[in-house]
Amino acid sequence: MSDAYQHYIDGEWRDSDGDSFTSENPATGETLGRFQRATDEEPDRAVSAAETAFEEWRSLSRIDRAEYLWDIYHELRDRHEELGRAVTRECGKEISEGKADVTEAWHMVEWAAGDARHPKGDVVPSEIPAKDAYMRRKPRGVTACITPWNFPVAIPFWHMAVTLVEGNTVVWKPAEQTPLCGQIIAEMFDDVGVPDGVFNLVQGFGDTGAAMVDDDRVRTVLFTGSAEVGHQIAEAVAGDPSKRAACEMGGKNAIVVTEEADLDIAVHAAVMSSFKTTGQRCVSSERLVVHTDVYDEFKQRFVEVAEEIAVGDPLETETFMGPLIEADHVDKVSSYNDLARTEGVNVLVDRTDLPDAEVPDGHEEGHWVGPFVYEADPAEPLRCTHEEVFGPHVALLEYDGDIERAIEIHNDTDYGLAGAVISEDYRQINHYRDHAEVGLAYGNLPCIGAEVQLPFGGVKKSGNGYPSAREVIEAVTDRTAWTLNNDEDIEMAQGLSADIKTRKD
Ligand code: ADP
């Protein structure tokens, strides 16, 4: 299968006997590359390589391990333009988003590699003066990283940067929609000469991810993707108490606009949150919870922008929204738009089927969908206002009363990933901060826009840990208590007698 890109296992590019699959540009339908699809053999081989490499890798100092990451950092910076364009061509994000994806990746690498020279662990007091007590961290071993298509460069590094610096080895499976970004990243690891087996790339679909999860030699699974798959993974590892899975999943995120809000900020934040990445961020907002006093004005202004927002070629800087990722996803988003209608909502903007005139020349095969905006009664248990659509599908939900009522609507979802409050009243903002059931909360900002030095993850159905950013350390290391006696006698804590008494005493 020589015309197809290979897997990268144990420091070598390898063929497999499986079928191949292609990566397609969602804006044009153009084929970007052909890739070998893993059989059962590749995840098995990759895990073996990662297991073998582990002992040597963990025995390097954190600082030496981080040196390899610094080389990756420079590769990411040097290849920013190329990789940013690859992101946009492969997943359809507008070009500044494509480049930001790469920037976020090097920020994560910079953070992890820089952290290598910082203290790690704790010096802990002991009851016994002659004892030195510490909390130390040990790497857990082979780590499976399973990533989605929508941040095809940033998320892999959220998973892998800290994981590698801490001394674990990695088997990574990128999303089947973005194997080309996976290929370029693997080339970087190959170019910088990371020791064989420390980083492995296996290209494939869900069955390959599942095989990695089920492999007993994999000690930790880091997963970012859908709630459905995340829950399957959490269940699959639950039978083995020594195995760990940190899963970050979707959301039905909301923005609360209070009666005190600055409506310029509110509309701006809502548009960014709902339509950036064509609504395909796990933190995208599909619900806008707006106080009745400002509802009409907010609605009019938000609708005006949604009617006019520029949908088009993501490589053009004038574009705000690119295409959806694939044809099946167009079907899914369209069917939720239909469902909303069936559920009796009041549709305000419907650009589901973009007219031909709005589709840029040469992009007729793209997966185009424009904004769909409606108003619904927050008291109704509608599916369209409770289930994640993952597209530019936005509900306006009017509320009357105080911030508690807004929070009730905001929290009326099984998910708990991201949210925002727009208000000029600090008491309302603080109330939101303390009561919003989310892992990522923002005040007077969009509910998108993570930075790597903050934790990233959700609560409720949105997450069971942190496969991302700095908190990933909790998933990929075991804490150990290490206590050293500096005396010639043994003295115990809690007044426990250390005397050995025999029958002769
Ligand atoms: P999305 O809906 O964003 O595509 P998915 O959860 O379907 O999210 O996919 C995210 C990642 O999980 C992809 O790399 C995909 O191949 C992988 N995946 C899908 N199904 C499984 C599974 N059953 N076990 C492990 N990984 C899976």
Side-chain angles (χ1 to χ4, degrees), residues 7 18-19 21 23-24 26 35-40 42-44 46-47 90-93 101 143-156 158-160 170-183 185-186 200-215 218 220-238 243-253 277-284 286 324-333 335-336 367 387-391 393 415 417 458 461-464 467-468:
H7 311 278
D19 300 332
F21 65 104
S23 164
E24 274 155 31
F35 295 82
Q36 305 201 17
R37 178 173 177 167
T39 63
D40 292 347
E42 285 69 39
D44 179 56
V47 172
E90 199 167 37
C91 77
K93 296 202 280 199
D101 204 86
T143 306
C145 299
I146 302 172
T147 53
W149 64 265
N150 62 343
F151 284 82
V153 180
I155 291 179
W158 286 3
H159 285 201
M160 296 191 298
V170 158
V171 178
W172 173 37
K173 193 201 83 62
E176 52 272 35
Q177 296 90 345
T178 50
L180 184 59
C181 289
Q183 168 70 22
I185 291 169
N200 303 275
L201 166 85
V202 178
Q203 298 276 21
F205 288 63
D207 56 326
T208 302
M212 288 156 56
V213 171
D214 289 341
D215 193 311
V218 169
T220 313
V221 180
L222 303 179
F223 169 81
T224 305
S226 63
E228 189 192 346
V229 174
H231 285 87
Q232 280 170 24
I233 290 175
E235 224 165 89
V237 306
K243 202 159 174 169
R244 199 176 280 166
C247 301
E248 192 262 294
M249 299 163 279
K252 187 73 177 176
N253 311 300
T277 328
T278 318
Q280 300 168 106
R281 290 183 181 226
C282 49
V283 291
S284 293
E286 295 182 0
L324 292 181
I325 184 66
E326 54 197 355
D328 283 355
H329 199 48
V330 174
D331 294 344
K332 178 180 170 189
V333 173
S335 74
Y336 267 102
H367 308 307
E387 294 176 14
E388 185 188 33
V389 178
F390 212 57
H393 168 109
Y415 294 102
L417 186 56
K461 236 182 165 182
S462 295
N464 75 340
S468 320

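Sequence positions, counted from 1, serve as the residue numbers for this chain. Both ligands and their constituent atoms are indexed starting at 1 by order of listing.
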Just jot down the side chain to side chain contact (heavy atoms under 4.5 Å, CB included) partners of V213, sequence neighbours excluded, or say none.
I146, V221, I233, A236, V237

Can you list the residues that meet the side chain to side chain contact (heavy atoms under 4.5 Å, CB included) rule with S335, with sequence neighbours excluded?
none

Between F151 and K93, is there a cation-pi geometry (under 6.0 Å to ring centre, at most 45° from the normal)?
yes

Electrostatic pair D207-R37, nearest N-O below 4.0 angstrom
yes

Is there a side-chain contact between P467 and W158 in this structure, where contact means two heavy atoms from C-beta onward sitting under 4.5 Å apart?
no

Measuring from each atom of ligand 1, which residues have a heavy atom under 4.0 Å away?
I146, T147, W149, K173, P174, A175, E176, F205, G206, G209, A210, F223, T224, G225, S226, V229, Q232, I233

Using the salt bridge (charged side-chain N to carboxylate O under 4.0 Å, His left out) criterion, which residues pair with E388? Sequence neighbours excluded.
none

